2 protein chains.
Amino acid sequence: MKIDPSNKADLSAQIAEAIRDAIVEGRMIVDERLPSEAELADQFEVSRPTVREALKRLAAQSLIRTQRGAFGGAFVNRLSYEGAYGQHITTSTLLLSMNAVSFETACEARYALERACTPLACARRTADHLATMRAEIHRQAQPGLSDESFCASDVAFHRALVDAAGNPVLSYHLAGAVEAMQPLMNMITFTARSREVIEHLHTRIADALQAQDATAAETALHELEAYTLTLGRDVMAAHARKSAPVSSG
Amino acid sequence: MKIDPSNKADLSAQIAEAIRDAIVEGRMIVDERLPSEAELADQFEVSRPTVREALKRLAAQSLIRTQRGAFGGAFVNRLSYEGAYGQHITTSTLLLSMNAVSFETACEARYALERACTPLACARRTADHLATMRAEIHRQAQPGLSDESFCASDVAFHRALVDAAGNPVLSYHLAGAVEAMQPLMNMITFTARSREVIEHLHTRIADALQAQDATAAETALHELEAYTLTLGRDVMAAHARKSAPVSSG
DNA sequence: TTACATTTAAATGTCTGACAATTTTGGCGC
DNA sequence: GCGCCAAAATTGTCAGACATTTAAATGTAA
């Protein structure tokens, strides 16, 4: 982690990549302190601002953290599930919004992923998971609940379903994917608001998990997907009519 | 996107967040040009190096790209599947390696995710997908194939399986997850090298997809998972007793 | 000896000003 | 019209300086 052949790319990008490689390949371990900015500038034979730009690139990816003061500096970060989770969601959300992903595609992907964890969730769900799901269902049934709170509760319910599988890697991937699609999903819930049906399907999912009946859980998820899809299409159609009001019937 | 209340956080972090919010919330659209560094420095009332650090943070997340020269500057990036995919893989790989995720957990998550796409893949697979899978199986059967090439072919095979579902969002999440776990998986394939069994199971998966038999595909994937898990445990056990080799049957 | 206040040093955060490199635009001569 | 060149705008990089923060070291008093 020293050499820096004078390419045409940005020096700060090259330095960031060199340090990133050192971290990824395990040559630097968690909580290890990087040399100070001045020392790095010496090593790479660049100025301190250039080194700083490189460090900011790494900080943006949560690969390092910095601490001011004596014996401060840049330290290799332990990439926590929480940190990675946040990045995953931001990236996925932007990917959806910037590439005009259709509601159908997102919906299909979401429920396909969620069904991936149902067999494990049925096998391993604890009383805690079931209690969380029941509590969220109960909250969803309360009349005065705002749309925002309903959506939040919906996320919490599905998050509990995913966590019930008892596999943190699965939780990371699935919960990130589900949460990233929430803005799209919210659009539906806000407009079509059919809480009774959703609440009923949630109850069926919780029942299936309690009974450890994976088939029933998957069936209920299929129905929830179909229902969501129908609502989504209605909303889309209404949108289309509003912006281009052509009577087609 | 102007104000910057004098907090205690880094100015460059605050500025980066302000611009990121503007992009995420759609106030800046794809390919739109940001003000020049000097103008941003004026707007936020900071110096140019501070602005530059903020821009580097955003560049590290592929949110913007920069171009030198007249009428150059920073532009909002369209977050492509490829770009997001790379970030997803890097983050997930680090998450696995830094948190000592067990092989069992990773393996379980991987195949659970992969099974999530089999029904869709069976329904939608095209001749192209089948041809790719057959070609990779054929390559895997060749005797002189290096371990590296075998692993690459393995990834390509599973990538084709995922892509066969015809859902780019699903492909993004699944392929990213699968590829991030490849280092762990490689450790197994390199050591235990039982290519015939794997090749046979791959053939069964391809056959099932061709016959559009989702159940058969899932069964084969379950068997592949069980087999991989067995191999993994053997390798782990061998590792554990590498100093005292006890023959256990 | 212990507890607390002060100093000190190391490091990051920020600023100023300058120059280099690059790329588009427009003008000039032919 | 075409090719060449200069100008302008913008990012990339550098050097040096000062401000701020923080932990350790030191000094001081009970």
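What you are looking at is a predicted structure, and each value in this text was computed from that prediction instead of being measured.
- Applying the side-chain contact (heavy atoms from CB on, under 4.5 Å) test to Ala109(B) and every residue at least two apart in sequence or in another chain returns Asn167(A), Val169(A), Leu170(A), Met181(B).
- A search for salt bridge (charged side-chain N to carboxylate O under 4.0 Å, His left out) contacts involving Arg139(B) returns Glu136(B), not counting sequence neighbours.
- At a non-hydrogen distance threshold of 4.0 Å, Arg68(B), Gly69(B), Ala70(B) from residues 64-76 of chain B come into contact with DNA chain C.
- By the side-chain contact (heavy atoms from CB on, under 4.5 Å) test, Leu229(B) is found to be paired with Phe103(B), Glu104(B), Cys107(B), Arg233(B), residues two or more places apart in sequence or in another chain being considered.
- For the salt bridge (charged side-chain N to carboxylate O under 4.0 Å, His left out) test, residues two or more places apart in sequence or in another chain that qualify with Arg65(B) are Asp31(B).
- The distance between atom CG of Asp42(A) and atom P of dA15(D), rounded to the nearest whole Å, is 10 Å.
- Think of the region where chain B sits on DNA chain C: with heavy atoms and a 4.0 Å cut, that region ends 5' and 3' at dG13(C) to dT24(C).
- Counted by atom type alone, Thr93(B) and Thr90(B) present zero donor-acceptor pairs between their side chains at under 3.5 Å.
- At a non-hydrogen distance threshold of 4.0 Å, Arg48(B), Arg52(B), Lys56(B) from residues 47-58 of chain B come into contact with DNA chain D.
- Among residues two or more places apart in sequence or in another chain, the side-chain contact (heavy atoms from CB on, under 4.5 Å) test is passed with Glu179(A) by Tyr85(A), Ile89(A), Val155(A).
- Taking His88(B) as the reference, His88(A), His173(A), Tyr172(B) meet the ring pair (Phe, Tyr, Trp, His ring centres under 6.0 Å) condition, with sequence neighbours excluded.
- By the salt bridge (charged side-chain N to carboxylate O under 4.0 Å, His left out) test, Arg52(A) is found to be paired with Glu37(A), Glu53(B), residues two or more places apart in sequence or in another chain being considered.
- Residues satisfying the side-chain contact (heavy atoms from CB on, under 4.5 Å) test with Asp163(B), not counting sequence neighbours, are His129(B), Arg159(B), Ser171(B).
- Applying the salt bridge (charged side-chain N to carboxylate O under 4.0 Å, His left out) test to residues at least two apart or on different chains, none of the pairs has a partner in residues 68-83 of chain B.
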